[in-house]
Amino acid sequence: MSKHLVLLPGWGLGVVPLQILAEQLDAALPQLTVQIQPLPDVRGKSTEALIALLDQQLPSDCWLMGWSLGGMLATALAAYRQSACAGLISYASNPCFVARDTWPAAMPVDTFTAFRQLCAEDFAAGLKRFVLLCSQGAAQPRALSRQLLEAAAVADSGCALAGLDLLAELDNRVAISAFAGPQLHLLAEQDALVPSLALSSMRELNAQATVELFGQSHAGLIVESQLLAQRIADFILRGQHA
């Protein structure tokens, strides 16, 4: 039985946004060690190399939970580990972040290209735009975007741009279909970055996976951390006793 739950953060903001959720999960799951794992520097690494690196860094047989890009990496790692992964949970994480012909329920290519260009030219402006999008749909979006911007811890724009390229490249449809362990994927109803319309398509990828709506915004895991921690704990406890 797994003794660890590892949380992987999203793009551009570092580990701070996950700290409140980690504390809530600690309280809800005292039998597990909850840790936040910073994302590796993705520059110059293939997706396969990144997954192999995370596999080396993380405890074997742990539960994996990730937010946005972290959720995409957690999904890829779960499929890589298979029976050596206790289970998978993602929040605001699309199998394909950028739309393609066979997966239209994602960010339009033109929108993504324009955002990447903004980040390349003026990263501070790009980050500000990003936190506004993260907060869209929340009850108090301005306060939430200020909180996110203050917490942001980006090493440098080069690392962040490489992370955007990884977001555009990752395609986890096969990973979700192939992973045989417990899966819980949560999408926010008014997410400006990951459309909730992806819900039905995600359900079709794996009939055994649980795909639900939870929260309102891309940053809903911060606003509703206590409720989210309880939902995750319920899912893990069911999986532990299955």
Side-chain angles (χ1 to χ4, degrees), residues 7-13 17-22 24-25 28 64-75 87-100 102-112 115 128-149 151 167-168 170-173 176 182-236 238:
L7 311 184
L8 295 172
W11 176 85
L13 300 175
L18 287 178
Q19 285 175 351
I20 297 171
L21 177 63
Q24 302 279 7
L25 286 165
L64 294 167
M65 187 270 163
W67 174 34
S68 195
L69 174 57
M72 296 181 81
L73 289 169
T75 300
L88 168 67
I89 300 147
S90 75
Y91 186 85
S93 188
N94 207 337
C96 303
F97 185 77
V98 180
R100 45 200 84 191
T102 50
W103 194 266
M107 180 178 283
V109 173
D110 290 351
T111 303
F112 179 83
F115 177 71
K128 189 172 183 181
R129 170 77 177 140
F130 177 64
V131 298
L132 288 171
L133 290 169
C134 283
S135 308
Q136 195 171 307
Q140 296 179 299
R142 287 186 178 180
L144 180 55
S145 63
R146 277 198 304 272
Q147 180 185 346
L148 287 169
L149 204 54
L167 265 174
L170 277 169
D171 182 345
N172 275 326
R173 288 176 288 179
I176 290 172
Q183 295 186 61
L184 173 63
H185 300 286
L186 301 170
L187 299 178
E189 288 193 53
Q190 298 181 61
D191 195 326
L193 294 160
V194 175
S196 59
L197 287 171
L199 185 100
S200 57
S201 300
M202 287 178 72
R203 284 177 173 160
E204 289 170 10
L205 293 174
N206 188 323
Q208 305 306 311
T210 302
V211 187
E212 299 174 349
L213 290 178
F214 184 98
Q216 297 300 314
S217 69
H218 194 73
L221 84 172
I222 297 166
V223 180
E224 297 166 280
S225 59
Q226 190 166 4
L227 285 172
L228 178 59
Q230 197 53 58
R231 179 68 189 94
I232 291 170
D234 290 345
F235 185 76
I236 287 177
R238 274 210 314 275

*Given side chain to side chain contact (heavy atoms under 4.5 Å, CB included), test L228 with L186 step by step and report yes or no.*
CA-CA 10 Å; L228 178 59; L186 301 170; 3.4 Å; yes
*asked:* Within the 3.5 Å criterion, strictly below it, is a donor on N94 or W103 matched to an acceptor on the partner's side chain?
replied: yes
_Measuring from atom CD of E204 to atom CZ of R173, what distance do you get when rounded to the nearest 0.5 angstrom?_
12.0 Å
*Angle class for the F214/Y91 ring planes (parallel below 30°, perpendicular above 60°, tilted otherwise)?*
perpendicular
*Which value, rounded to the nearest 0.5 Å, describes the distance between I232 atom CD1 and L227 atom CG?*
11.0 Å
*Please examine the side chains of F97 and L170, heavy atoms only from C-beta on, and report whether any two atoms are closer than 4.5 Å.*
no
_I want to check something: taking the side chain as every heavy atom from C-beta on, are D171 and R100 in contact at a cut-off of under 4.5 Å?_
yes
*Taking atom CD of Q183 and atom OG1 of T210, what is their separation to the nearest 0.5 Å?*
9.0 Å
*Identify the two heavy atoms, one from P104 and one from A99, that lie closest to each other, and give their separation to 0.1 Å.*
O-CB, 3.9 Å
_Heavy-atom donor-acceptor pair, N206 side chain to I176 backbone, under 3.5 Å_ = yes
*Could you check if a side-chain atom of V98 sits within less than 4.5 angstrom of a side-chain atom of L167, using non-hydrogen atoms only?*
no
*Note, L213 side chain near S196 side chain (heavy atom, < 4.5 Å)*: yes
_4.5 Å side-chain heavy-atom contact, L8 and W67_ = no
_Straight-line distance of L184 CG to I89 CD1, nearest 0.5 Å_ = 6.0 Å
*OG/S90 to CG/L73 distance, rounded to the nearest 0.5 angstrom?*
11.5 Å
_Nearest 0.5 Å, please: how far is SG in C134 from CZ in R129?_
11.0 Å
*Determine whether I222 and L148 make a side-chain contact, defined as any pair of heavy atoms from C-beta on separated by less than 4.5 Å.*
yes
*asked:* How close do A74 and G66 get, counting heavy atoms only, and between which atoms?
replied: CB-N, 4.3 Å
*Would you check if V131 and L144 make a side-chain contact, meaning some heavy-atom pair closer than 4.5 Å?*
no
*Do H185 and L88 have side chains that get closer than 4.5 Å, going by heavy atoms?*
yes
*E212, CD: over 12 other non-hydrogen atoms inside 6.0 angstrom*: yes
*asked:* Tell me whether S93 contacts the main-chain N or O of M72 through its side chain, where contact means a donor paired with an acceptor under 3.5 Å.
replied: yes
*Minimum-distance pair of heavy atoms, taken over all atoms of A92 and D191*: CB-OD2, 3.5 Å
*Hey, which of L64, L18, L221 is the one that makes side chain to side chain contact (heavy atoms under 4.5 Å, CB included) with L7?*
L18
*Provide the closest heavy-atom pair for P141 versus S135 in the form atom of the first, atom of the second, distance.*
O-CB, 3.3 Å
*Are there more than 12 heavy atoms of other residues, nucleotides or ligands under 6.0 Å from atom CG of L132?*
yes
*Could you check H218 against S68 for side chain to side chain contact (heavy atoms under 4.5 Å, CB included), going step by step and ending with a plain yes or no?*
CA-CA 8 Å; H218 194 73; S68 195; 3.0 Å; yes
*Which atom names give the shortest non-hydrogen contact between S217 and Q136, and what distance separates them?*
CB-O, 3.3 Å
*Can you name the closest pair of heavy atoms from S225 and I20 and give their distance?*
OG-CG2, 3.3 Å
